Amino acid sequence: MTRITSVPAAHRSTIRCWTPESLRAEFPILQRPVRGKTLHYLDNAATTQKPRIVIEALVRYYEEWNANVHRGIHYLSEQATQAFEQTRTTVQRFINACSSREIIFTRGTTESINLVAWSFSRRFMQANDEIIITHLEHHSNIVPWQMVCEERGLKLRVVPLTPEGELDWEAFERLLGPRTKLIAVAHVSNVLGTVNPVQKIAELAHAAGARVLVDGAQAAPHLPVNVQELDCDFYAFSAHKMYGPTGVGVLYGKEELLEAMPPYQGGGDMIASVSFEKTTYNVLPYKFEAGTPNIADVVAFKAALDFLNQLGMEEVATQEKKLMEYSLQALREIPGLTIYGNPAWRCGAIAFNLDGIHPHDLGTVLDQQGIAIRTGHHCAQPLVEWLGVPATARVSLGIYNTVEDIDALVAGLHQARKFFRM
Ligand code: C6P
C-alpha cells in the first residue's frame, strides 16, 4: 500500500464539513432529468461532471482574458499567460512536485504517455532494451509502448495478475532485469479499481536501474498524490476526470530526465531560436509544449483543482471509500451478480456482470432509469479477456455520488433481472 506520511497543504480540507449530497447543487448537469428520471451518473471513470465554477471559469476566460500566451506584450496576453501559468503552479502543489518546470500540459493522459514513450526511448533506450507494463493497463498505457517497441527494436514484458486482480510480485521481480529501462504502470485500474503500490514499484525499479511512469488517470481524481513521496519518474493524468475540462492533461516528470529528453513535437513556443542551419530549444516546461496550447481549458482546470483542494483530497478519499464499501456490499447481495477482482485496496471502479444478461443490454435497461454506467471492454481489452468475458458492466464513483445513486442502481439491476426473467 502507498502510505502518505507527509500531507502537502493542498491535500487538507478547508471546508470543515461536506457530504456528497451537499456538493450536488454545485454541478448543474446533475439537476437535469435524463429520460424523465433523476440522473444517477455512475460513469466517472470515463469523465466527470463539471462544477459551476469550472464552467464559469471557461466563460470568464473567453469574456475577459482571451489572448495567446507567452507571445504578446499586450495586456490581454499578459493576463492570459498569468492565468495559464497559475494553473501550472496549482498543479505543482496539487501533486507536490519540486518545481513548476516539471509540469507539462498535454491533451490528456494518453498524450502524456505518448510523449514519454517517444522521447524517453529516443534518449535512453537501445535495441533489445525492455519496457515492463502490466496486464491491467488501459490501452493508452499499452499501445504507445507497442509502437515504440516495433519502431526501435525494444521488448515489451507484461506482469501477470493474481486471481484477485493484483500484480503478481514474484513474476514482476523475475521480469525486472538489467535490460529493463522503464516500468509503466497504472496507479489505479480503470476496470478492477485495483490500487497498485507504485511507491514499492519505484523502489524496486530504481534498485534495478530502471525508471517508472505512473498512469494516474484513475488515481488523481480519488487519492492524494505526492510525486516526491511516490518517487515516480513520470506521472500522467487528465483534467476531465478531475471535474475539469476535456482536452487538458498533465505530464509530471523529474526535471533531470525532462532536461535530457528531446522535444516530442516541433513548432512555436518550444524553441529558443530558429534558423535554417540550427534550431535550439526552449527551457522546461515549454520545450514540450509546441504550438498554441489549450489555454481556456488549462485556465479553467485551476478552478477544478481549487475545488478539490477546498474539499481536501484526504477527505475525498475517505468519503469515496465509504461509498465503495456500501456499493460492494449492495452489489454482492444481488443474485447472479459477479464482481470482478478482489483487490485489497479498490478505488473508483467496480466491474461486474449479471448472469445471462449481456452488459450492453443491462446498460440500456439502466439508462431507461436515468442510471449512466459504462459497458464493454473499457479500453482494457487484454484485462477483460483475462477475466474470461467479452465485456463487463462498470460503475465508477465520483465525489457527488450518494447512497441514493447506489440504491437506484441496485433497484435498476433487480428490474433488469425481472425484465430478462432471471
Ligand atoms: N479511461 C474509461 O472509461 P484520456 O482519454 O487520455 O483522458 O485517458 C486515458 C486513460 C488512461 N489510463 C487510464 C487508466 C484510463 O482509465 C484512461 C481513460 C476512460 O475508463 C476512458 S477509455
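Reckoned from all heavy atoms, side chains included, excluding hydrogens, waters and symmetry mates. These figures come from a predicted structure and were not determined experimentally. Remember, it's 1-based here, ligands and their atoms both numbered in the order they're listed.
- Relative to the six-membered ring of Trp345, Lys321 misses at least one condition, a distance below 6.0 Å or an angle of at most 45° to the axis.
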Which protein N or O atoms sit under 3.5 Å from any N or O of ligand 1? Give atom names and distances.
from	atom 1	to	atom 2	distance (Å)
ligand 1	1 (N)	His138	NE2	3.3
ligand 1	1 (N)	Lys241	NZ	3.2
ligand 1	3 (O)	Arg374	NH1	2.5
ligand 1	3 (O)	Arg394	NH1	3.4
ligand 1	3 (O)	Arg394	NH2	2.8
ligand 1	6 (O)	Thr109	N	3.3
ligand 1	6 (O)	Thr110	N	2.9
ligand 1	6 (O)	Thr110	OG1	2.6
ligand 1	7 (O)	Ser238	OG	2.7
ligand 1	7 (O)	His240	NE2	2.8
ligand 1	12 (N)	Asp215	OD1	3.2
ligand 1	12 (N)	Asp215	OD2	2.6
ligand 1	16 (O)	Gln218	NE2	2.7
ligand 1	20 (O)	Asn190	ND2	2.8
ligand 1	20 (O)	Arg394	NH1	2.8

For a quick test of your reading: what N or O donor-acceptor pairs under 3.5 Å do the side chains of residues 408-416 make, sequence neighbours left out?
none

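- For Phe419, the CZ atom is loosely surrounded, since the number of other residues' heavy atoms within 6.0 Å does not exceed 12.
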task: Apply the test salt bridge (Lys or Arg N to Asp or Glu O under 4.0 Å) to residues Asp269 and Arg71: give CA-CA distance (whole Å), side-chain angles for both, the deciding distance (0.1 Å), then the verdict.
output: CA-CA 8 Å; Asp269 224 22; Arg71 286 160 170 83; 3.7 Å; yes
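- Here Lys254 pairs with Asp231 in a salt bridge; the nearest charged N to carboxylate O distance falls below 4.0 Å.
- Val214 approaches His187 most closely through the heavy-atom pair CG1-CB, 3.5 Å.
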